[in-house]
Every structure is written in C-alpha cells, then in structure tokens.
Novice: 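If you scroll down you'll find the structure; I have some questions about it.
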Amino acid sequence: MYKQEEIKPYGKDAEKGKLVEEMFDNIAPTYDTLNHRLSWDIDRGWRKKAIQKLQPFAPQCMLDIATGTGDFAILAAKMLHPQQLWAVDISEGMMKIGAEKVASEGLGNIIQFKKEDCTQLTFPDNHFDAVTAAFGIRNFQDLDKGLSEMCRVLKTGGHLCIIELTQPISFPMKQLFAIYSHTFLPLYGKLVSKDSSAYSYLTHTIEAFPQAERMVDILKKSGFQAVSFKRLTAGVCTLYLATK
C-alpha cells in the first residue's frame, strides 16, 4: 500500500473510494473555480502541454480517467479531434457539470460520460488508442490496480498521458509551495467550497504521492514501457508519458 492510499477525506473509517466520491460530489459546484484560482490558471497550460504530447499519435478512441468536470476531455477533443472519447469518474456530481460544459461546447457527439470505478473498468481489453488522467490517480484507492486497468484497456502500442500535482524539490519553490499548500490553499478552499477538509486532503495526498523516478518504476510494474516524466512549473506538476 502506498502512503496516499491511507489518507481519506473527512477522516472517516470507511472505504476510500466512497469517501472520495462523497467529497467530489460535495465540492463539484465550486471545483472549476477553485482549480483555476488556486493554480493561478496555470493548470490550463499543464493540460495543454500534456495533450500536445499525444498529438503526433492522433488517437481516435480515447479514455479520460477521473475526468471530473471534463476539462481535460474537452481540451483533448478540441486539440486531437478523436472520433470517440469516454470520460469516466466515480462522482456523478462532477460529471453532471462536465456534461453541461460538453453540451455548451457542442462536443456531445464525441465525449460520453460514464460512472466507473477506475480500479474495475468495464471496458474491454486493448480498446483505446490513448488513456489520459489529470489530477486524479492520486485519489485511487488502489494505485497499482488502477494503473493496471488503464494498461489493460489500452491497445498495444497505445499511449498513456498523466499529469499529477507533485512536490517541488528545489529551493525556493519547495519552501514556497509548502507554505502555500498548508496555509492559503486549504483556507481559501474551505471558504469557497464550504467543505472543511477537502483541500487539506489535497495537500496531504500531494505530499504522500510517489513521484518522478519512483512513479516511473510503478508505471513499468503496471505494464507500461518507454515511461518518461517532465516536471512542470518547477515541479508543482509532473507529466508522465508511457506506451503499452
């Protein structure tokens, strides 16, 4: 078990997956606003860089894991022009907002939302050209199982692209991020979302989550090859690219 798997929202003694679902249902109405404000809108650039990594492969059938309100899926549909993109999550509250955004963008013929447990996907083996995940795998109840499922549904030769929040490793960003994530981030998140623990949970899971070289090893263990990573914004976010 990885350290972040032991961290649960609300401190309740219950299955992590259920608590994560409850948390995201609770914060869904304010999630997009907080995402952009707390990252100073830099999260938009992170998503764009990740999708650009997939452009040379022109994936036509895609899966976006832990899609949330669908920002990554929507941008992928606009930049990559796939024929089909499944956007899946455990939170129906988040996906409801995502579906409204997709409809307003006129992308309903490409993007389809579906409630899925990312550790037990219902899609067949070797089905997708590309699988993506933005800021979601940190919340998996079982990281190894979730990554193995992502590998299972990916076609041989297909590509995985993940972006995840991580801890900077160099001075002064490491120190500045620690101060920011333990003070302003949870306080502002609480004020806007009215959820007293969701954004403290965010900070604790970022600190506990395996990153960089360790994450590369975990991805390889899950069946991926040619795994690489790139730190973005001095390591506040890390982009992982892999092939099945």
Side-chain angles (χ1 to χ4, degrees), residues 1-2 4-5 15-18 20-21 24 47 50-68 70-77 79-92 94-95 98-99 102 107-164 209-210 214-229 239-244:
M1 176 176 278
Y2 302 103
Q4 86 285 348
E5 294 173 358
E15 184 180 323
K16 178 171 181 174
K18 295 294 184 184
V20 168
E21 179 182 355
F24 280 112
R47 290 186 185 89
I51 293 168
Q52 285 173 338
K53 292 289 186 181
L54 294 175
Q55 283 181 320
F57 312 117
Q60 292 302 298
C61 184
M62 297 183 62
L63 173 66
D64 187 38
I65 293 280
T67 194
D71 276 359
F72 205 30
I74 290 168
L75 191 59
M79 292 179 63
L80 300 175
H81 310 292
Q83 292 181 4
Q84 184 181 51
L85 195 160
W86 282 98
V88 304
D89 203 286
I90 58 171
S91 169
E92 293 191 47
M94 296 282 277
M95 289 191 292
V102 164
L107 295 170
N109 61 323
I110 298 173
I111 300 173
Q112 297 182 67
F113 286 88
K114 186 179 182 184
K115 184 173 182 177
E116 289 271 334
D117 178 346
C118 298
T119 63
Q120 300 179 62
L121 296 171
T122 61
F123 300 101
D125 297 355
N126 305 305
H127 187 69
F128 296 100
D129 300 314
V131 175
T132 59
F135 317 122
I137 65 170
R138 195 182 66 258
N139 299 307
F140 284 2
Q141 182 169 299
D142 186 328
L143 178 61
D144 287 334
K145 194 171 180 181
L147 293 174
S148 294
E149 278 291 275
M150 292 160 80
C151 187
R152 178 185 67 78
V153 301
L154 190 62
K155 292 178 181 177
T156 301
H159 296 87
L160 172 74
C161 187
I162 293 171
I163 47 175
E164 188 54 82
F209 192 72
R214 187 171 174 222
M215 190 63 195
V216 167
D217 290 340
I218 291 169
L219 285 163
K220 287 180 178 178
K221 186 177 71 172
S222 298
F224 293 99
Q225 305 174 42
V227 184
S228 62
F229 73 92
L239 189 160
Y240 300 92
L241 189 68
T243 304
K244 178 177 176 181

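Everything quoted here is computed from the prediction, not taken from an experiment.
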Novice: Can you give each donor-acceptor pair under 3.5 Å made by side-chain atoms of residues 131-139, sequence neighbours left out, with the distance rounded to 0.1 Å?
Specialist:
| from | atom 1 | to | atom 2 | distance (Å) |
| --- | --- | --- | --- | --- |
| T132 | OG1 | D64 | OD1 | 2.7 |
| R138 | NE | T205 | OG1 | 2.8 |
| R138 | NH1 | E164 | OE2 | 2.3 |
| N139 | OD1 | Y201 | OH | 2.8 |

Novice: What's the separation between atom CD in Q55 and atom NE2 in H81, rounded to the nearest 0.5 Å?
Specialist: 8.0 Å
Novice: Any side-chain heavy-atom pair from T67 and I111 closer than 4.5 angstrom?
Specialist: no
Novice: Which residues pass the ring-ring contact (aromatic ring centres under 6.0 Å, His included) test with Y2, sequence neighbours left out?
Specialist: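 Not a single residue meets the ring-ring contact (aromatic ring centres under 6.0 Å, His included) criterion with Y2.
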Novice: Indicate yes or no for a side-chain donor-acceptor contact from D129 to the backbone of C61 under 3.5 Å, with no hydrogens or angles considered.
Specialist: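 Yes, D129 side chain to C61 backbone: donor-acceptor pair under 3.5 Å.
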Novice: To the nearest 0.5 Å, what is the distance between CG on D144 and CE on M1?
Specialist: 10.5 Å
Novice: List the steps, then state whether side-chain contact (heavy atoms from CB on, under 4.5 Å) holds for M215 with L147.
Specialist: CA-CA 11 Å; M215 190 63 195; L147 293 174; 3.9 Å; yes
Novice: Could you tell me whether the side chain of R47 reaches within less than 4.5 Å of the side chain of M79, counting heavy atoms only?
Specialist: no
Novice: Find out whether I110 and P82 are in side-chain contact, i.e. whether some heavy atom of one side chain is under 4.5 Å from a heavy atom of the other.
Specialist: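 I110 vs P82: side chains touch.
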Novice: Please examine the side chains of L219 and F229, heavy atoms only from C-beta on, and report whether any two atoms are closer than 4.5 Å.
Specialist: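 No, too far: nothing below the 4.5 Å cut-off.
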Novice: To check you understand the geometry: which heavy-atom pair defines the closest contact between F113 and G98, and what is its length?
Specialist: CZ-C, 3.4 Å
Novice: Can you tell me how far OG of S148 sits from CG of D142, rounded to the nearest 0.5 angstrom?
Specialist: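 Nearest 0.5 Å value for the CG-OG distance: 8.5 Å.
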Novice: With side-chain hydrogen bond (donor to acceptor under 3.5 Å, both in side chains) as the criterion, how do E149 and T119 come out once you've worked through the C-alpha distance, each side chain's angles and the decisive distance to 0.1 Å?
Specialist: CA-CA 6 Å; E149 278 291 275; T119 63; over 6 Å; no
Novice: Measuring only between side-chain heavy atoms, which start at C-beta, is F24 closer than 4.5 Å to I90?
Specialist: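 Side chain of F24 against side chain of I90, heavy atoms only: no contact under 4.5 Å found.
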Novice: Mind listing the closest non-hydrogen atom pair of Q4 and P210 along with its distance?
Specialist: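 Taking every non-hydrogen atom into account, OE1-CD, 3.3 Å.
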Novice: Is the shortest side-chain heavy-atom distance between L241 and L54 below 4.5 Å?
Specialist: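 When only atoms from C-beta onward are counted, L54 and L241 do touch, with a gap below 4.5 Å.
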Novice: Take a 6.0 Å sphere around NZ of K53 and say whether it holds more than 12 heavy atoms from other residues, nucleotides or ligands.
Specialist: no
Novice: Is any side-chain heavy atom of D217 less than 4.5 Å from a side-chain heavy atom of K221?
Specialist: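 No, too far: nothing below the 4.5 Å cut-off.
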Novice: If the condition is salt bridge (Lys or Arg N to Asp or Glu O under 4.0 Å), which residues does E15 pass it with, not counting sequence neighbours?
Specialist: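 If we apply the salt bridge (Lys or Arg N to Asp or Glu O under 4.0 Å) test to E15, skipping adjacent residues, there are no hits.
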Novice: Hey, which of D117, I65, V20 is the one that makes side-chain contact (heavy atoms from CB on, under 4.5 Å) with F140?
Specialist: I65
Novice: Going by the rule ring-ring contact (aromatic ring centres under 6.0 Å, His included), which residues pair with F123 if we only count those two or more places apart in sequence or in a different chain?
Specialist: W86, F128
Novice: Taking side-chain hydrogen bond (donor to acceptor under 3.5 Å, both in side chains) as the test, write out the residues that go with N126, two or more places apart.
Specialist: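 Here the qualifying residues are K244.
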Novice: Yes or no on side-chain contact (heavy atoms from CB on, under 4.5 Å) for M95 and K114, after CA distance, side-chain angles and deciding distance?
Specialist: CA-CA 8 Å; M95 289 191 292; K114 186 179 182 184; 5.8 Å; no
Novice: Rounded to the nearest 0.5 Å, what's the gap from CD on Q83 to CG on N109? Could you check?
Specialist: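 So the CD of Q83 and the CG of N109 are separated by 11.0 Å.
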Novice: How many angstroms lie between OH in Y240 and SG in C161, if you round to the nearest 0.5 Å?
Specialist: 12.0 Å
Novice: Atom NZ of K155 and atom NE2 of H127: how far apart are they, to the nearest 0.5 Å?
Specialist: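 One finds 8.0 Å between NZ of K155 and NE2 of H127.
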Novice: Give the minimum heavy-atom separation between A77 and L107, together with the two atoms involved.
Specialist: CB-CD1, 4.2 Å
Novice: Return the set of residues passing side-chain hydrogen bond (donor to acceptor under 3.5 Å, both in side chains) with D125 (not counting sequence neighbours), or none when no residue passes.
Specialist: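 D125: side-chain hydrogen bond (donor to acceptor under 3.5 Å, both in side chains) contacts with R152.
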Novice: To check you understand the geometry: which heavy-atom pair defines the closest contact between V102 and G108, and what is its length?
Specialist: CG1-N, 3.6 Å
Novice: Specify the closest pair of heavy atoms between Q52 and P56, including all atoms of both residues, with the distance to one decimal.
Specialist: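 That would be O-CD, 3.6 Å.
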Novice: Which heavy atom of L121 sits nearest a heavy atom of M150, and at what distance?
Specialist: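 In terms of heavy atoms, the two residues are closest at CD1-N, 4.4 Å.
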Novice: So Q141 and K18, do their side chains get closer than 4.5 Å, heavy atoms only?
Specialist: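 No; the side chains remain at least 4.5 Å from each other.
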